[in-house]
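Step one of this worksheet: look at the structure below.
All ligand and atom numbering here is 1-based and tracks the order in the structure. Source: prediction; values computed, not measured.
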Amino acid sequence: MNRQSAITASPLHVSVPHDSAIKQVAGRADYVDDLAEPEGTLHAYLGLSSRVHAEIVSIDLDAVRAAPGVVGVLTAADIPAENDISTVHKHDEPVFADRVVEHHGQAIFAVIALDREAARRAARLARIAYRDLPHLTDIAAARAAGGRLVTEPLKLERGDVEAGFAASTHRVAGSVTIGGQEHFYLESQVALAIPGEDDEITIQASTQHPTEIQVMVAQVLGIPHAAVTVNMRRMGGGFGGKETQGNLFACVAAVAARKYRRAVKLRPDRDDDFSITGKRHDFVVDYEVGYDDEGRIQAVAATYAARSGYSADLSGPVTDRALFHCDNAYWYPAVRVQSQPLKTNTVSNTAFRGFGGPQGIVAAERWIEDIAYALGKDPLEIRKANFYGTDSNNITPYHQVVEDNVIHRVIADLEESSEYQARRRAILDFNRTSRVLRKGIALVPVKFGISFTATWHNQAGALVHVYRDGSVHLSHGGTEMGQGLHIKVAQVLADAFGVPLDRVKITASNTGKVPNTSATAASSGTDLNAMAALDGANQIKARMSAHAARLHGVDPAGIVWQFGGIRVGDRLMHFDELATSCWMHRVQLSAAGFYMTPEIYWDRSTGRGRPFYYFAYGAACAEATIDTLTGEYQVDRADVLEDVGRSLNPAIDIGQVEGAFVQGMGWLTTEELWWDQKGQLRTHAPSTYKIPLASDVPRVFNVRLAEWSVNKKPAIGRSKAVGEPPLVLGYSVVEALSMAVASVADYRIAPRLDMPATPERVLFAVERLRRAATTP
Ligand code: MTE
Ligand code: HPA
Ligand code: MOS
């Protein structure tokens, strides 16, 4: 059957559904825990520390071993090679705690049993004796104790900060607290390790970073990377929580699989997953800002302290990215900022959508708000007074020139479509007469740097096969976590070959097919992997073209690839037909593609470079109502405009923006992580940790893409990354709440809501402002 005749148009830049959408809704999409288990699969469960910081005096696992169904236990002594899964800094993160535990919930041992329930129950029977050590759980405590860091801090500086302050007519100093966030991916961490011949081992894991799992398993088992194959079809969400945090589970399953020569699976319960795995870093940002009568910023000095947890993990690059976003979309004539990645006795914090960038942006928006309230102006006016210019005032604190600034157009577009000015006036009127309910509105911009800041991560590979029936097999180095990476790359390949989308077979990510991959992170999954896939396709097309030209005796320059087939002289060859012919004539139909992002470089020691290939922009306007008697609130409306360049798939991109906005809103409003005095996380289940529900989505929610935008850089299809930047737009909700609160003191006092701005915090702020307004 000829499937191509019906195809007339490319599926690129078209809203085609996610390749897994139907399967996911119907429950037919496979996750690791759904895969058929090999005969004799064993199940592991972790035994965790019940102390926050302590020496381990003794470990008695006799009762665990004697429990029904238990096959054996593993401790640090059972690690064949290195008891180390630290990603950046060597030896600060063991698989199993050895002599000391550094946070509540740290893994000390594993039980291996015939079934998961037996392993889970037996894990509770351990008798561990501890000698408690002093502990530091939060930023304040860590600073008070001298501020030990988990990694080298970063400093960015540009301009003369002292002179900037001296020349400022106004100054504001403050401190803003920004909470952490649990990833709450729907699918918890999980790994299945299957031993093979000799030293070979295959891992099925829910991970954003198959290569990292491969490297860690090899390190822990003491085998070459080549002996480990990691396979990953899809995650039920990652959000950064599976960039490094899957290492522990995969390594424990691998050690057990090696020891018992059986397949071993490990999947923690939700609340154990909460306790064991790292979260978004909470920050305290101390700042001083100088500005003039118009609200134009002259100088900024700030310190970004972050709760890193007990080990470095990604805290270095996360706190770096916070500094890279200290400017958001604003020009600072003089700026000096530094990071403080503090060591604490808590789980090691990690990547989370935005990777520190959101925390940096939120702090910048805080001082914009301070300036606005001090001058009695609309924060949007202060924003406009401070935006980067297009030809001048366009150098970032890290000395990269902003060459693609579209923030003015984004803001103007959204200000008009959301009817911001009229609604703001109506809200001011409403607040004048409403006694209990108060409203607020805010319009907030975002500029977000795209590329991994560690330059070497910005590379990708792909393996493209064309089979002799003309079907296309696609594998690339990226992973699917729901964001729509695979469908976008498939669209690019279908477009390149001129074949229908369903001729491109999406396959699992596999370290045996594409080696040395980067994490699917930094929103660069499509930018990197689609380019690599396109490179592979172009290699194959060149060989197919040369063959077609030879076959029909035409000039290779006369070969035109189009939808419906390949024009060879005056003939139209179907892709399938040409593929078969290539095979018959022994033309290679397979290629390994590669891509590296051009132009970028970064020198951390001098704080100068061009770390980002380009910037993604966006803006949101949120309106909220608070109840001044209870602090409860609701988001009445949100209008979002996101610059994704020329969208590869508008439906997917809009989904990303909607999800990111709601996730960002949850982070900054209702999601609260709370550790008790003993360093135990007490909000470790949906009962106490409140993520947004469907009913919390803004009542009116208008999400648009800036159709006028085209990436100035030749990124894939002139699109822009979309995964992380819109998360920060959730901040517009906080500022709307803030305005509603400010109304009780006639907008004369900046409410300075810390985040998450829970109903409790909103209520306290209302009371604080009321008191302040009535005290002369
Ligand atoms: N969207 C869904 N549905 N699930 C996820 O886990 N992760 C986000 C974002 N969007 C995520 C998501 C994060 S943290 C990143 S870095 C990007 O997707 C990664 O994918 P991309 O680079 O292909 O955009
Ligand atoms: N972003 C996201 N993930 C990362 C980065 C980054 O800049 N660097 C290392 N992992
Ligand atoms: Mo996303 S935090 O870069 O995985």
Considering only heavy atoms of [X], which atoms of ligand 2 have at least one such atom less than 4.0 Å away?
| X | value |
| --- | --- |
| T453 | 7 (O) |
| R321 | 1 (N), 7 (O) |
| A521 | 2 (C), 3 (N) |

What atoms of ligand 1 come closer than 4.0 angstrom to any heavy atom of [X]?
| X | answer |
| --- | --- |
| A522 | 16 (S) |
| G482 | 2 (C), 3 (N) |
| G240 | 14 (S) |
| S523 | 16 (S), 22 (O), 24 (O) |
| G237 | 6 (O) |

Measuring centre to centre across the rings, with the benzene-like ring taken for any Trp, is [X] within less than 6.0 Å of [Y]?
| X | Y | answer |
| --- | --- | --- |
| F612 | F448 | no |
| F184 | F239 | no |
| Y689 | H684 | no |
| Y330 | Y388 | no |

Lys/Arg-Asp/Glu bridge criterion (N-O < 4.0 Å) met for D653, K488: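 Result for this pair is yes, salt bridge flagged.
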[atom] - nearest protein heavy atom and its distance:
| atom | answer |
| --- | --- |
| atom 10 (N) of ligand 1 | Q656 OE1, 2.7 Å |
| atom 17 (C) of ligand 1 | G723 CA, 4.2 Å |
| atom 22 (O) of ligand 1 | G525 N, 2.7 Å |
| atom 10 (N) of ligand 2 | E243 OE2, 2.6 Å |
| atom 8 (C) of ligand 1 | R353 NE, 3.8 Å |
| atom 23 (O) of ligand 1 | Q483 NE2, 3.0 Å |

For the backbone of S647 and the side chain of S719, can you confirm whether one donor and one acceptor N or O come within less than 3.5 Å of each other? no
Hey, is A521 one of the residues with a heavy atom under 4.0 angstrom from ligand 1? yes
For [X] and [Y], test the side chains for any donor-to-acceptor distance below 3.5 angstrom and give the result as yes or no.
| X | Y | value |
| --- | --- | --- |
| E187 | S206 | yes |
| S709 | D643 | yes |
| Y31 | Q24 | yes |
| D603 | S605 | yes |

Looking at [Y], is [X] sitting on its ring face, NZ or CZ under 6.0 Å from the six-membered ring centre and within 45 degrees of the normal?
| X | Y | value |
| --- | --- | --- |
| K242 | Y185 | yes |
| R280 | W667 | yes |
| K447 | Y617 | no |

May I ask you to check if ligand 1 and [X] share an N or O to N or O distance below 3.5 Å?
| X | answer |
| --- | --- |
| G354 | no |
| Q208 | no |
| G238 | yes |

Testing R234, Q491, H476 one by one against H486 for a side-chain hydrogen bond (donor to acceptor under 3.5 Å, both in side chains), which residue passes? H476
Before you tell me yes or no, could you show the steps for D527 and R718 under salt bridge (charged side-chain N to carboxylate O under 4.0 Å, His left out), namely the whole-Å CA-CA distance, both residues' side-chain angles and the distance that decides it to 0.1 Å? CA-CA 10 Å; D527 283 11; R718 297 276 173 180; over 6 Å; no
A638: what forms a side-chain contact (heavy atoms from CB on, under 4.5 Å) with it, not counting sequence neighbours?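 side-chain contact (heavy atoms from CB on, under 4.5 Å) check on A638 returns F661, P698, F701.
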Could you see which bit of A721 sits under 4.0 Å from ligand 1, with heavy atoms only: side chain, backbone, both or neither?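 For A721, there is no contact with ligand 1 at all, from either part.
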Evaluating non-hydrogen atoms only, which member of E187, M481, E724, K242 is closest to atom 19 (C) of ligand 1? M481
Take atom NZ in K23; do more than 12 heavy atoms of anything else shown fall under 6.0 Å from it? yes
Anything under 3.5 Å between an N or O on ligand 3 and a protein N or O? List each pair with its distance, or write none.
from, atom 1, to, atom 2, distance (Å)
ligand 3, 3 (O), A522, N, 2.6
ligand 3, 3 (O), E724, OE2, 3.1
ligand 3, 4 (O), Q208, NE2, 2.8
ligand 3, 4 (O), G240, N, 3.4

Any N or O of E724 that comes nearer than 3.5 Å to an N or O of ligand 2? no
Under 4.0 Å, heavy atoms only, figure out whether ligand 2 is touched by the backbone of F355, its side chain, both or neither.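 Contact part for F355 vs ligand 2: side chain (C-beta onward).
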